[in-house]
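Below you'll find the structure, written out as structure tokens, and then a few comments.
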Amino acid sequence: AVAGAWEAAMIQFGLAITQEQQDVRAELFSVILNAMHQCADHLQAFHFLGKGLRALFPNNDVQLYFRSSRHLRQVFPKPADKPGTVRLSLEERPEVMALNGPTYTVTQLNGQTRLLIPMGINNQPAGLASFTNLAASRSPYGSRRLLLQLIHFLQQATKVVSQRRDFAN
């Protein structure tokens with residue numbers, strides 16, 4: 001992808017994935033990370049991460065949360081009608097348990113089966129990625145190999161988000 005044309009590249013790779021050209025997945029991972037590196041701050045980096053994940057997994061509802069000192073705040077997609085926040089003090093909430101839990105969690109949330117993947121650096125939670133359909137047993141994405149690739153990719157993306165946050169401050 002030509003530098004700066006990240007969104008167009010994500011759209012093109014996303015179209016290839018919807019046409020079952022799974023061999024472009026690694027290139028799309030790279031495009032997403034490059035786009036995130038060009039961002040002015042961590043919220044813009046989360047935005048590109050969300051757009052890229054939506055292209056990677058077009059049949060999924062992708063949600064990204066940023067961890068602040070007291071809340072998980074949904075930053076992708078931005079909630080239209082109400083703030084998408086979860087108080088960290090609500091330890092029984094699946095999002096909060098997943099944030100501090102294992103590498104991934106499959107849980108029921110608002111009537112949907114969701115795959116929750118904590119995003120952190122050095123055991124410090126920075127955010128949470130949430131997906132529908134990735135946890136479904138008949139999902140074309142349900143392979144263990146793809147799940148491990150996604151977890152590794154999100155670890156790399158979290159480092160970029162952290163760098164963008166530090167750069168903006």
Side-chain angles (χ1 to χ4, degrees), residues 1-18 24-88 94-96 98-101 103-105 109 114-134 141 146-169:
V2 176
W6 307 119
E7 285 192 69
M10 286 182 209
I11 290 168
Q12 289 304 311
F13 283 125
L15 289 172
I17 287 173
T18 60
V24 301
R25 190 174 302 278
E27 293 175 71
L28 183 50
F29 280 137
S30 180
V31 166
I32 296 166
L33 292 173
N34 284 321
M36 292 173 66
H37 275 291
Q38 302 302 314
C39 293
D41 62 34
H42 65 286
L43 294 177
Q44 189 180 22
F46 264 118
H47 173 76
F48 274 108
L49 175 59
K51 282 186 160 277
L53 289 171
R54 191 174 276 161
L56 273 165
F57 306 109
N59 298 321
N60 278 269
D61 173 32
V62 176
Q63 296 175 353
L64 298 175
Y65 294 83
F66 173 72
R67 184 190 186 277
S68 67
S69 60
R70 288 187 255 175
H71 294 92
L72 269 177
R73 181 170 52 111
Q74 186 177 339
V75 292
F76 184 88
K78 289 191 179 207
D81 54 347
K82 60 180 171 129
T85 60
V86 176
R87 288 194 335 249
L88 294 175
E95 301 96 326
V96 176
L99 185 66
N100 298 303
T103 308
Y104 68 92
T105 302
L109 190 60
R114 296 199 73 90
L115 172 67
L116 305 176
I117 301 174
M119 299 171 61
I121 299 174
N122 300 326
N123 295 323
Q124 296 297 315
L128 184 72
S130 175
F131 303 87
T132 59
N133 297 328
L134 285 179
Y141 312 116
L146 181 58
L147 178 60
L148 294 175
Q149 286 176 340
L150 176 60
I151 291 166
H152 179 71
F153 169 73
L154 287 172
Q155 290 169 345
Q156 293 176 22
T158 303
K159 290 177 185 174
V160 178
V161 166
S162 179
Q163 291 168 352
R164 296 294 87 200
R165 185 189 63 229
D166 293 347
F167 178 76
N169 291 331

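- Scanning all heavy atoms of the two residues, the minimum distance from Leu116 to Pro94 falls at CD1-O, 3.7 Å.
- Between Asn34 and Gln38 the shortest side-chain heavy-atom distance does not fall below 4.5 Å.
- Between the side chain of Arg67 and the backbone N or O of Gln124, no donor-acceptor pair lies under 3.5 Å.
- Expressed to the nearest 0.5 Å, how far CD1 of Ile32 lies from CH2 of Trp6 amounts to 11.5 Å.
- Shown here for Ala55 and Met10, the closest heavy-atom pair between the two residues is CB-O, 3.5 Å.
- The structure places CZ of Arg54 at 9.5 Å from CD of Gln63, a figure rounded to the nearest 0.5 Å.
- Listed by chain and residue number, nothing satisfies the side-chain hydrogen bond (donor to acceptor under 3.5 Å, both in side chains) test with Asn100 (two or more places apart in sequence, or in another chain).
- When atom types are taken as modelled, the side chain of Arg164 and the backbone of Cys39 share a donor-acceptor pair closer than 3.5 angstrom.
- For the pair Leu150/Tyr104, no side-chain contact is recorded, criterion being any heavy-atom separation below 4.5 Å from C-beta on.
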Please evaluate residues Leu49 and Phe76 with respect to the criterion side chain to side chain contact (heavy atoms under 4.5 Å, CB included), reporting the C-alpha separation (whole Å), side-chain torsions for both, the decisive distance (0.1 Å), and the verdict. CA-CA 9 Å; Leu49 175 59; Phe76 184 88; over 6 Å; no
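- The minimum heavy-atom distance between Thr18 and Pro58, with the atom names listed, is CG2-CG, 3.5 Å.
- Using a 4.5 Å heavy-atom cutoff, the side chains of Val31 and Gln12 are not in contact.
- Side-chain contact check for Glu27 versus Ser30: every heavy-atom pair is 4.5 Å or farther apart.
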